[in-house]
Amino acid sequence: MSKSQGSIAPAAHGETQRDRTLRVAHVRERANWMRRRLLGMILAAGQGHPGGDLSATDVVATLYFDVLRIDPTQPDAPDRDRFVMSKGHCTGALYSALAGAGFFPEADLDTYLKPESKLNGHPNRTYLAGVETNTGPLGHGFPVAVGIAIAGQIDDADYRVYALTGDGELQEGSMWEAAMLAGHRKLGKLTVIVDRNRLQQGARTEETNSLEPLADKWRAFGWDVVELDGHDHAALIDAFDAATAPRDKPRVIIANTFKGHGVSYMRDQAGWHHGVPSADQYALAIGELEAEMQS
Amino acid sequence: MSAAAAPIGLFDCRDAYVRTVEALAADDDRIVAVVNDSVGSSKLGAFQKRFPNRLVNVGIAEQNMVSVGAGLANGGKIPFVSGAACFLTARAMEQIKVDCAYSEANVKLCGISSGVAYGELGATHHSIEDVAWLRAIDKMTIIVPSDPWETAEAIKAAAAHDGPMFVRISRMPVPELPRTDPVFRIGRGEVLHDGSDIAIIANGTTVHHALAAAKTLATEGIAARVINMATVAPLDEALVAAAAATGAIVTVEEGLSKGGLGGAVAEYCAAHAPVRMRILGFPGFAPTGSAAWLMEHFGLTAPGIATAARELLGTVKA
């Protein structure tokens with residue numbers, strides 16, 4: 001199966017520095033495009049979750065434009081890699097990636113939240129090809145991803161399973177039921193990314209129901225743990241490359257991020273969990289993102 | 001609860017369930033079983049021995065069990081997710097709604113030891129609300145088989161049906177029902193005994209009691225039609241409409257008297273075929289007591305059903 005549209009050759013030993021530089025540049029450009037596009041989508045809809053979208057964008061861009069073996073013309077191919085957006089409110093990151101990867105026309109992004117749009121406020125697999133399971137309420141997507149990985153384990157299948165969770169989402173008990181089972185079953189083809197932006201809807205995670213020591217908790221459940229800067233495309237590519245090596249443990253990537261990353265006035269602000277920029281704020285954000293691509 | 005063998009002439013539907021799942025699994029490697037530390041109570045020990053790689057035991061974690069079932073379906077499997085009906089439904093309600101029904105995942109939820117089978121263990125372990133809860137969820141097919149034959153047929157139909165399903169399986173001993181035309185189809189009820197004075201619509205462990213009640217009523221000159229309505233959702237509306245034409249309907253179920261089979265029939269009749277009705281079931285949390293005692297105490301066995309029919313007919317005639 002080919003990689004998603006626009007991506008480049010998979011990582012291989014002996015990859016040249018130039019190839020690698022191109023991969024990083026490609027993901028960086030796609031992430032920037034996603035940020036601009038999702039903000040436009042939210043502006044047009046008058047609703048959305050820009051804070052969480054922007055903290056997750058770099059992870060999602062790396063997956064869709066460098067890692068996942070998916071084909072928008074065969075969205076249900078049995079051997080496809082699976083990506084589950086467990087933090088289902090972050091549709092901006094998911095829909096912009098799916099559009100960018102060719103699952104639906106980019107213009108459809110402007111139907112977001114309109115009556116009967118297939119771009120529901122939370123991902124719906126029956127509306128939209130490329131969505132693996134419906135999410136929205138927290139604590140669902142990751143356990144479903146564990147089930148997919150078990151199916152692959154039973155079949156000794158080649159596909160890999162990725163799930164992106166919020167950090168606040170880890171306060172749901174079902175997440176740890178799933179983590180325990182994945183560790184027990186040594187699901188080596190499962191990779192979970194925690195979008196560790198340290199903010200949940202109302203306040204900081206550590207002030208609400210603290211998660212630390214988070215890495216130790218995963219290790220105690222039988223997982224390999226990688227911690228990185230979730231906005232560093234090179235680090236993300238490295239981590240996902242390493243995740244493809246055969247192993248006998250599931251892996252969690254704790255991606256340290258900032259809510260609202262990429263837009264100065266949204267960055268690390270709980271108030272932008274959901275919200276809509278004004279026209280002036282939108283123009284400012286786009287200006288910042290365009291400048292970022294020039295730098 | 002001990003797993004004592006059913007008395008002679010009576011059957012534990014779990015045996016038919018596991019025998020069928022195992023036979024299906026032998027022919028189709030997509031069939032997998034998912035359990036919550038319930039290999040014993042689901043009677044899946046032989047399945048586990050024969051297909052060790054295809055039994056997923058998630059431990060005591062019902063929410064995860066249902067989500068994992070949805071994930072297995074995504075991976076191309078046909079998962080039969082078995083657990084005590086009380087926990088499978090109540091603890092994992094949102095997972096059933098979101099991961100199975102709303103996602104249209106091909107998951108077969110098998111509620112074992114349903115109803116008041118765990119009578120003495122009290123209302124925490126009674127699963128009388130399950131049909132009402134799941135009936136409120138769109139796209140859920142709900143089947144309540146009445147005997148071993150129908151249990152086996154329901155499981156075969158579940159495997160062949162693409163979509164989420166709840167099959168409610170008792171551990172209470174039941175007889176095999178007499179059938180003249182044994183064809184099972186999802187969404188189709190069957191008339192087991194014809195009559196034109198009143199219709200008794202039952203399912204699960206109450207059907208044989210309904211048949212016994214009809215025999216008693218016949219000796220009194222009352223011709224009762226007995227309908228086995230194994231599929232609660234989607235409801236066999238044509239059969240309900242025909243039942244309403246008798247002028248009186250009694251529904252019987254080993255479940256709550258609101259929101260279940262009786263609720264489904266009443267909703268249909270209110271909109272399309274107004275008729276006098278009595279809905280027999282448990283009015284609320286049931287006390288402790290054996291399953292047999294509870295069924296009798298709450299009027300869900302033949303004498304209670306016959307009494308309800310007489311009373312309803314008296315009301316109709318008055």
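Just so you know, these numbers come straight off a predicted model, no measurement behind them. Below, read A as the first sequence line, B as the second, and so on, with proteins coming before strands; counting in each chain starts at 1. For the numbers below, each heavy atom of this structure counts, side chains included, while hydrogens, waters and symmetry mates do not.
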Most contact-rich option vs chain A, by heavy-atom pairs under 4.5 angstrom, among B:Val34, B:Asp29, B:Val98, is B:Val98
With chain A as the partner, which of B:Asn53, B:Val58, B:Val68, B:Asn74 has the greatest number of non-hydrogen pairs under 4.5 Å?
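Maximum pair count with chain A is reached by B:Asn74.
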Atom [atom1] of residue position [X] - does it have more than 12 heavy atoms of other residues, nucleotides or ligands inside 6.0 Å?
X        : atom1 : result
B:Lys97  : NZ    : no
B:Lys139 : NZ    : no
B:Arg91  : CZ    : no
A:His184 : NE2   : no
A:Arg247 : CZ    : yes

Using a 4.5 Å heavy-atom cutoff, which residues in residues 209-225 of chain A come close to chain B?
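Contacts with chain B: none.
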Taking non-hydrogen atoms and a cut-off under 4.5 angstrom, which of residues 85-97 of chain A neighbour chain B?
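Residues in range: none.
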Rounded distance [0.5 Å steps], CZ in B:Arg54 versus CG in A:Asp155
9.5 Å
Looking at CG of B:Asp99 and NE2 of A:His140, how far apart are the two atoms once the value is rounded to the nearest 0.5 Å?
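The distance works out to 5.5 Å.
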Can you say whether B:Val66 sits under 4.5 Å from chain A via the side chain, the backbone, both, or neither, judging by heavy atoms?
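For B:Val66, there is no contact with chain A at all, as no heavy atom is under 4.5 Å.
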Residue B:Asn57 versus chain A: region with a heavy atom under 4.5 Å:
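Interface part for B:Asn57: backbone (N, CA, C, O).
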Looking at every heavy atom in both [X] and [Y], which two are closest together, and how far apart are they?
X        : Y        : value
A:Ala151 : B:Gly75  : CB-CA, 3.8 Å
A:Thr133 : B:Ser103 : OG1-OG, 3.5 Å
A:Asn134 : B:Tyr102 : ND2-O, 2.8 Å
A:Arg185 : B:Leu55  : NH1-O, 4.4 Å

Report the option among A:Val161, A:Ile150, A:Val84 that has the most heavy-atom pairs separated by less than 4.5 Å from atoms of chain B.
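The candidate making the most pairs under 4.5 Å is A:Ile150.
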Structural part of A:Phe142 lying under 4.5 Å from a heavy atom of chain B:
neither
Considering residues at least two apart in sequence or located in another chain, which fulfil the side chain to side chain contact (heavy atoms under 4.5 Å, CB included) criterion with A:Gln201?
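Testing A:Gln201 for side chain to side chain contact (heavy atoms under 4.5 Å, CB included), a comparison that skips the adjacent residues, returns A:His273, A:His274.
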Are side-chain heavy atoms of B:Val56 and A:Ile154 found at a separation under 4.5 Å?
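Yes, side chains in contact.
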Please tabulate, one pair per line, all N/O donor-acceptor pairs under 3.5 Å involving side-chain atoms of residues 172-182 of chain A, not counting sequence neighbours.
residue	atom	partner	partner atom	Å
A:Ser174	OG	A:Gly139	O	2.6
A:Trp176	NE1	A:Leu170	O	2.7
A:Glu177	OE1	B:Asn64	N	2.9

